[in-house]
Amino acid sequence: MRVSQEDFEKAKDQLKLLKEDPGNEEKLKLYALFKQATEGPCSSPKPGMLDFVKKAKWDAWSSLGSLSKDSARQKYVDLVSSLVSSESSSQVKDTTPDSKHGYETLQVTTTDHITKIMLNRPEKKNAITTQMYKEIIQALEEAAKDDSVITVITGNGDYYCSGNDLNNFTNIPSGGIEKMAKDGAVLLENFVKHFIDFPKPLIAVVNGPAVGISVTLLGLFDIVYATDRATFHTPFSELGQSPEGCSSYMFPKIMGLSKANEMLLFNKKLTAGEAYAQGLVTEVFPDRTFEKEVWIRLKAYANLPKNSLALSKQLIRGVEKEKLHAVNCQECERLRERWLSDECMDAVMSFFGKKSKL
Ligand SMILES: CCCCCCC/C=C/C(=O)SCCNC(=O)CCNC(=O)[C@H](O)C(C)(C)COP(=O)(O)OP(=O)(O)OC[C@H]1O[C@@H](n2cnc3c(N)ncnc32)[C@H](O)[C@@H]1OP(=O)(O)O
């Protein structure tokens with residue numbers, strides 16, 4: 001079927017609406033077909049060797065030889081239509097979350113250059129099981145390598161995270177309680193190491209209360225946004241434990257020694273406003289508009305140049321890395337001992353006996 005002059009004009013208009021540059025090769029094809037369709041075979045003199053642009057255009061037009069005006073019009077319309085449809089399908093792909101499979105305790109998606117790792121055990125307030133520690137490690141490794149610009153950790157449901165799942169201390173392996181403590185310390189050190197070494201900007205979107213390790217890790221994030229419903233609680237001495245996530249070093253650095261002591265020694269629970277005042281949180285948003293405001297902000301950040309952001313992060317964090325690894329190692333060693341203590345065992349039993357809730 002012959003294309004009409006109207007189809008040809010429509011294709012010309014559609015071409016102007018393309019958002020992305022189709023590239024020089026396609027542009028030359030379009031130029032040549034347009035000239036052939038409107039003027040017929042190329043009869044103008046060949047431009048000089050040094051007139052690169054004119055010569056490339058002339059070559060493209062001449063290469064069509066004696067193709068008829070009708071056939072050139074048809075090819076022009078077909079080419080424009082294929083460019084328009086490939087652009088719209090790539091736009092659909094860009095906005096569709098690329099959901100990563102194989103996670104049971106997380107929902108991991110990449111969209112708009114942001115990898116979002118969502119803790120996904122809302123019925124247990126996103127308490128972190130052994131499996132979840134391992135899945136977060138895997139998700140961070142994948143996010144470090146994927147084409148996202150920033151990585152976000154958030155929680156599903158009303159809590160950001162209720163910290164370590166206390167059941168991790170009740171599943172005693174065949175090697176006994178010492179083996180459980182040793183394995184736990186190895187896993188914890190590796191887990192925290194992935195935060196220390198994470199190469200891209202890492203952002204916490206704290207959608208509700210945060211407890212224990214989900215709070216201590218915040219010092220290793222680059223930005224922390226919180227809803228005004230969030231609270232920050234590190235009840236280590238109540239649990240017969242000691243701080244982790246490099247908080248014994250980062251919290252005094254961030255908020256000063258005495259404020260850090262109130263949290264890490266004396267279990268003081270901070271409101272979002274207090275956490276902001278002490279520098280642990282970057283900004284607090286009203287709960288009603290939290291998700292909307294934060295994601296608008298993050299999408300804008302994710303449009304910044306990827307390598308520049310990663311490099312700047314390395315400069316900011318690089319000087320402290322060695323220190324942080326040493327702190328992490330020491331904290332895990334102390335915890336390994338603590339987990340074998342009566343103080344810790346009694347606190348865990350007490351939680352499951354529902355004698356006390358934090
Ligand atoms: C293997 C590596 C180990 C590394 C360890 C690293 C060191 C980490 C330290 C820490 O993170 S210390 C902090 C530990 N967290 C806690 O002590 C919090 C305990 N939970 C609570 O106090 C309360 O649940 C809550 C968070 C204040 C919420 O109370 P609320 O009354 O609103 O809800 P609940 O009915 O209590 O919870 C619903 C449901 O979820 C279970 N759950 C909540 N948090 C945990 C948890 N941390 N561990 C295990 N289970 C948790 C809770 O038992 C409920 O379950 P069901 O009764 O519905 O079955």
Side-chain angles (χ1 to χ4, degrees), residues 105 119-137 153 155-173 175-196 204 206-220 229-248 250-251 263-271 327-341 343-358:
T105 64
L119 312 180
N120 195 22
R121 296 182 72 220
E123 70 294 348
K124 298 288 178 188
K125 312 288 181 196
N126 298 321
I128 310 179
T129 56
T130 303
Q131 181 186 7
M132 201 197 267
Y133 283 107
K134 292 179 185 164
E135 290 192 0
I136 295 171
I137 290 174
I153 298 191
N156 190 9
D158 61 341
Y159 258 66
Y160 174 63
C161 173
S162 63
N164 183 50
D165 190 310
L166 296 170
N167 288 294
N168 291 336
F169 297 127
T170 57
N171 303 322
I172 314 281
I177 189 166
E178 281 81 10
K179 167 109 172 73
M180 181 194 79
K182 191 168 166 228
D183 291 350
V186 170
L187 176 58
L188 179 62
E189 188 175 345
N190 187 30
F191 176 72
V192 174
K193 179 181 176 302
H194 279 75
F195 285 80
I196 299 173
V206 184
N207 56 297
V211 184
I213 188 161
S214 70
V215 177
T216 55
L217 281 174
L218 293 176
L220 299 176
R229 222 172 33 78
T231 52
F232 299 83
H233 195 194
T234 49
F236 299 125
S237 45
E238 250 170 64
L239 290 168
Q241 299 188 38
S242 52
E244 80 292 279
C246 294
S247 59
S248 61
M250 289 304 292
F251 276 25
M263 283 191 84
L264 297 178
L265 300 184
F266 300 114
N267 314 307
K268 183 174 177 187
K269 190 198 277 187
L270 301 189
T271 62
V327 170
N328 181 27
C329 176
Q330 265 182 17
E331 287 178 344
C332 293
E333 184 47 30
R334 284 297 82 73
L335 270 173
R336 189 183 64 76
E337 296 156 8
R338 286 279 83 214
W339 291 332
L340 300 175
S341 71
E343 286 177 346
C344 179
M345 284 301 155
D346 289 350
V348 173
M349 292 311 153
S350 163
F351 173 75
F352 287 110
K354 302 286 180 203
K355 276 187 259 156
S356 76
K357 284 260 176 108
L358 300 168

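Atoms within each ligand, like the ligands themselves, are counted from 1 in listed order.
- Taking the charged nitrogens against the carboxylate oxygens, Arg336 and Glu333 do have a contact shorter than 4.0 Å, which makes a salt bridge.
- Scanning Gly184, Cys332, Cys161 for the heavy atom closest to atom 2 (C) of ligand 1 points to Gly184.
- Judged purely by atom type and a 3.5 angstrom limit, Arg229 uses its side chain to pair as donor or acceptor with the backbone of Asp158.
- Within the 4.0 Å heavy-atom criterion, the part of Leu239 lying near ligand 1 is the side chain and not the backbone.
- Where the criterion is an N or O separation shorter than 3.5 Å, residue side chain and backbone included, Asn167 fails it with respect to ligand 1.
- Counting heavy atoms under 4.0 Å from ligand 1, residue Ser162 touches it through both backbone and side chain.
- Checking only distances, Leu166 does come within under 3.5 Å of ligand 1, N or O to N or O.
- Residue Glu244 touches ligand 1 through its side chain alone, judged by heavy-atom distances below 4.0 Å.
- Comment: Arg334 does not engage Glu244 in a salt bridge, judged by the lack of any side-chain N to carboxylate O separation of less than 4.0 angstrom.
- Taking every non-hydrogen atom of Gly163 and a distance limit under 4.0 Å, the qualifying atoms of ligand 1 come out as 11 (O).
- Using a distance-only test at 3.5 Å, with no hydrogens or angles considered, a donor-acceptor pair links the side chain of Glu331 to the main chain of Gly245.
- Close contacts between ligand 1 and Tyr159 involve ligand atoms 25 (C), 26 (C), 27 (C), 28 (C) [criterion: under 4.0 Å to a heavy atom].
- Residues Thr129 and Asn167 bring no donor and acceptor atom of their side chains to less than 3.5 Å of each other.
- Atoms of ligand 1 found under 4.0 Å from any heavy atom of Ala127, numbered from 1 in the order shown, are 45 (C), 46 (C), 47 (N), 48 (N).
- Taking CG of Leu187 as the reference point, atom OH of Tyr133 lies at 7.5 Å (rounded to 0.5 Å).
- One N or O on the side chain of Asn207 and one on the backbone of Gly155 form a donor-acceptor pair closer than 3.5 Å.
- When each atom of ligand 1 is checked for a heavy atom of Tyr133 under 4.0 Å away, the hits are 2 (C), 4 (C), 5 (C), 6 (C).
- Classification of the Phe169-Trp339 ring pair by plane angle, with boundaries at 30° and 60°, yields tilted.
- Residue Glu123 has at least one heavy-atom neighbour below 4.0 Å for each of these atoms of ligand 1: 38 (C), 39 (C), 40 (O).
- Closest heavy-atom approach to atom 20 (N) of ligand 1 among the candidates Phe169, Phe351, Trp339: Phe351.
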